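This report refers to the structure that appears directly beneath it.
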Amino acid sequence: MADLQDELHALPEAGELPDTAPAAPVAPPPPAASSAGGAGSAGSALERAGALLTAHPVIDGHSALPRALSDLPWYDLQLGESGVDTHVLRLREGHVGALLWSLRLPERAVGERAVGATLEQLDLVRSVIAAHPEGLRPARSAGQVIDARNCGRIAVVLGPADAAALDDSLGILRVLQSLGLRVLTLAGASWAGEAGLTRFGEEVVREMNRLGVLADLSGASDATAARALALSKTPVLCTRSAARSLRAHPDNLSDALLAELGAAKGLCLVPSSPERTGPDVRDVADHLDHVRAIAGPESVGLSGAHDAPTASDAAPDYPQLIAELLRRGWPESDIALLTWGNMQRVLRSADFAARAARERRKPSTVRITELDTTDV
């Protein structure tokens with residue numbers, strides 16, 4: 001009974017949305033390591049990283065696990081007996097407290113199949129979560145992410161989904177949001193091209209704000225990204241983007257866009273991806289350093305970004321990455337924002353903005369055919 005009372009006391013009051021996950025306080029840092037480094041200093045940094053991640057776990061901004069599971073005849077994420085490396089125990093060992101599960105479509109699912117394929121992925125995600133109730137819990141809001149953490153579960157937030165899933169219909173956007181979608185990628189849509197957002201594309205962004213669906217700008221053209229940043233009343237995400245000045249990948253952001261993202265309090269989720277950031281932890285840390293310097297500590301987060309449909313979707317080695325950042329002099333407050341605080345802020349901002357927008361803006365019934373799609 002005492003244990004139950006302790007657990008109930010740990011839960012937040014109804015409606016309370018704290019900035020950090022309730023957890024044991026971070027242990028005081030050990031004495032500073034000598035400049036010579038060595039095994040002792042590496043161990044000290046790793047211990048500090050583990051303590052920080054216990055209090056401020058990672059909200060991983062892009063996991064392609066649903067796409068990897070869709071081709072498997074069976075899987076068990078609780079015990080790790082499946083055709084992918086990701087499982088609940090490994091996620092916990094990596095201090096992952098929440099995941100954004102990507103609903104991006106395979107290349108073959110285009111045109112008329114895009115809506116159906118997205119719904120099939122939503123159905124798969126629901127089945128996976130229902131089959132692993134001891135490890136996973138769905139979450140639609142910042143508060144529900146914290147609730148899942150309090151209950152010892154890993155929160156699953158749905159998105160990003162492909163813009164093709166809308167089939168150029170705001171009604172479908174509303175249906176997807178009612179099914180739990182929280183993030184939509186703008187790249188690849190006819191209304192969000194190289195020239196920027198069309199009039200219909202701008203209406204999509206406004207409706208996303210009203211619904212609390214976050215815009216993902218990774219892979220979008222610079223013109224689309226700039227217009228969405230200026231138009232959106234809520235912070236935007238870049239779920240799998242790093243610094244273009246360090247590695248010229250199409251999804252990575254220029255310094256100018258990073259500065260605009262920081263000014264708008266958006267969030268660049270730097271992936272652990274050889275194609276976007278480099279092959280090892282130090283490469284990822286280089287990108288984190290650069291994004292933090294340009295956009296600011298409140299506009300940088302973390303992302304797995306494992307995109308290959310048949311590849312393993314293992315959690316990146318976050319303790320090693322955080323230890324590397326500590327060795328580079330990152331303050332613990334900035335690391336707490338990086339792993340947990342920034343993503344919580346963005347989710348909370350979207351929740352509050354949507355609540356306010358629904359009071360002053362009715363659902364739009366406009367379709368793409370009713371607007372001039374060439375007028376940007």
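Keep in mind that what you see is a predicted model, and the values were worked out from it rather than measured. This chain uses plain numbering: 1 for the first residue, then up along the sequence.
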Supply the atom-to-atom distance [X] [atom1] to [Y] [atom2], rounded to the nearest 0.5 angstrom.
| X | Y | atom1 | atom2 | result |
| --- | --- | --- | --- | --- |
| Ser303 | Leu99 | OG | CG | 10.0 Å |
| Trp340 | Leu302 | CH2 | CG | 13.0 Å |
| Ile146 | Cys151 | CD1 | SG | 12.0 Å |
| Ile129 | Leu77 | CD1 | CG | 10.5 Å |
| Leu258 | Arg244 | CG | CZ | 9.0 Å |
| Leu103 | Leu124 | CG | CG | 9.5 Å |

Same apolar cluster (I L V M F W Y, side chains within < 4.5 Å links), [X]/[Y]:
| X | Y | answer |
| --- | --- | --- |
| Val128 | Leu89 | no |
| Leu119 | Leu184 | yes |
| Leu261 | Leu337 | no |
| Val281 | Val58 | yes |
| Leu211 | Val175 | yes |

> Which is it for His56 and Ile322 under the side-chain contact (heavy atoms from CB on, under 4.5 Å) test, yes or no, and what are the steps along the way?
Replying inline: CA-CA 11 Å; His56 310 284; Ile322 299 307; over 6 Å; no
Within the distance-only criterion (no hydrogens, no angle test), does the side chain of [X] pair as donor or acceptor with the backbone N or O of [Y] below 3.5 angstrom?
| X | Y | value |
| --- | --- | --- |
| Ser102 | His62 | no |
| Ser241 | Leu253 | no |
| His87 | Arg90 | yes |
| Thr224 | Ala220 | no |
| Arg104 | Ala64 | no |
| Arg292 | Ser299 | no |
| Asp216 | Val183 | no |
| His287 | Ala243 | yes |
| Ser232 | Leu229 | no |
| Asp289 | Val284 | no |

Flag the pair [X] and [Y] as a salt bridge only when some basic side-chain nitrogen lies within less than 4.0 angstrom of an acidic carboxylate oxygen.
| X | Y | result |
| --- | --- | --- |
| Glu298 | Lys265 | yes |
| Asp286 | Arg328 | yes |
| Arg182 | Asp351 | yes |
| Glu324 | Arg327 | yes |
| Glu207 | Arg210 | yes |

Using side-chain heavy atoms (C-beta onward) and a distance below 4.5 Å, is [X] in contact with [Y]?
| X | Y | result |
| --- | --- | --- |
| Leu217 | Leu237 | no |
| Leu269 | Cys238 | no |
| Ile172 | Leu176 | yes |
| Asp334 | Val300 | no |
| Phe352 | Thr234 | no |
| Leu321 | Asp317 | no |
| Arg140 | Val157 | no |
| Gln320 | Leu46 | yes |

>> Run Leu173 and Met208 through side-chain contact (heavy atoms from CB on, under 4.5 Å) and show every step you take.
In response: CA-CA 8 Å; Leu173 172 62; Met208 290 170 67; 3.8 Å; yes
Give the minimum heavy-atom separation between [X] and [Y], together with the two atoms involved.
| X | Y | answer |
| --- | --- | --- |
| Ala242 | Val270 | CB-CG1, 4.2 Å |
| Gly94 | Pro319 | O-CD, 4.0 Å |
| Pro235 | Gly266 | CB-CA, 4.1 Å |
| Thr277 | Asp283 | O-CB, 3.3 Å |
| Ala163 | Leu186 | CB-O, 4.2 Å |
| Gly212 | Ala354 | N-CB, 3.5 Å |

> What do the steps show when you test Thr118 against Asp162 for side-chain hydrogen bond (donor to acceptor under 3.5 Å, both in side chains), and what is the final call?
Replying inline: CA-CA 8 Å; Thr118 301; Asp162 281 338; over 6 Å; no
> Looking at residues at least two apart in the chain, or sitting in another chain, which of them share a side-chain contact (heavy atoms from CB on, under 4.5 Å) with His249?
Replying inline: Asp251, Asn252, Glu275, Arg276
>> Using 30° and 60° as the class boundaries, would you call the ring planes of Phe200 and Trp191 parallel, tilted or perpendicular?
In response: perpendicular
> Do Glu202 and Arg199 pass the salt bridge (charged side-chain N to carboxylate O under 4.0 Å, His left out) test, and can you show the C-alpha distance, the side-chain angles, and the key distance before you say yes or no?
Replying inline: CA-CA 5 Å; Glu202 293 180 350; Arg199 291 172 61 199; over 6 Å; no
> Given Arg113 and Asp167, is the salt bridge (charged side-chain N to carboxylate O under 4.0 Å, His left out) satisfied, shown in steps?
Replying inline: CA-CA 10 Å; Arg113 277 291 299 150; Asp167 194 25; over 6 Å; no
>> Using side-chain contact (heavy atoms from CB on, under 4.5 Å), reason through Leu338 and Trp330 one step at a time and then give a plain yes or no.
In response: CA-CA 10 Å; Leu338 171 76; Trp330 278 52; 4.1 Å; yes
>> Run Leu100 and Ile59 through side-chain contact (heavy atoms from CB on, under 4.5 Å) and show every step you take.
In response: CA-CA 8 Å; Leu100 271 64; Ile59 301 181; 4.2 Å; yes
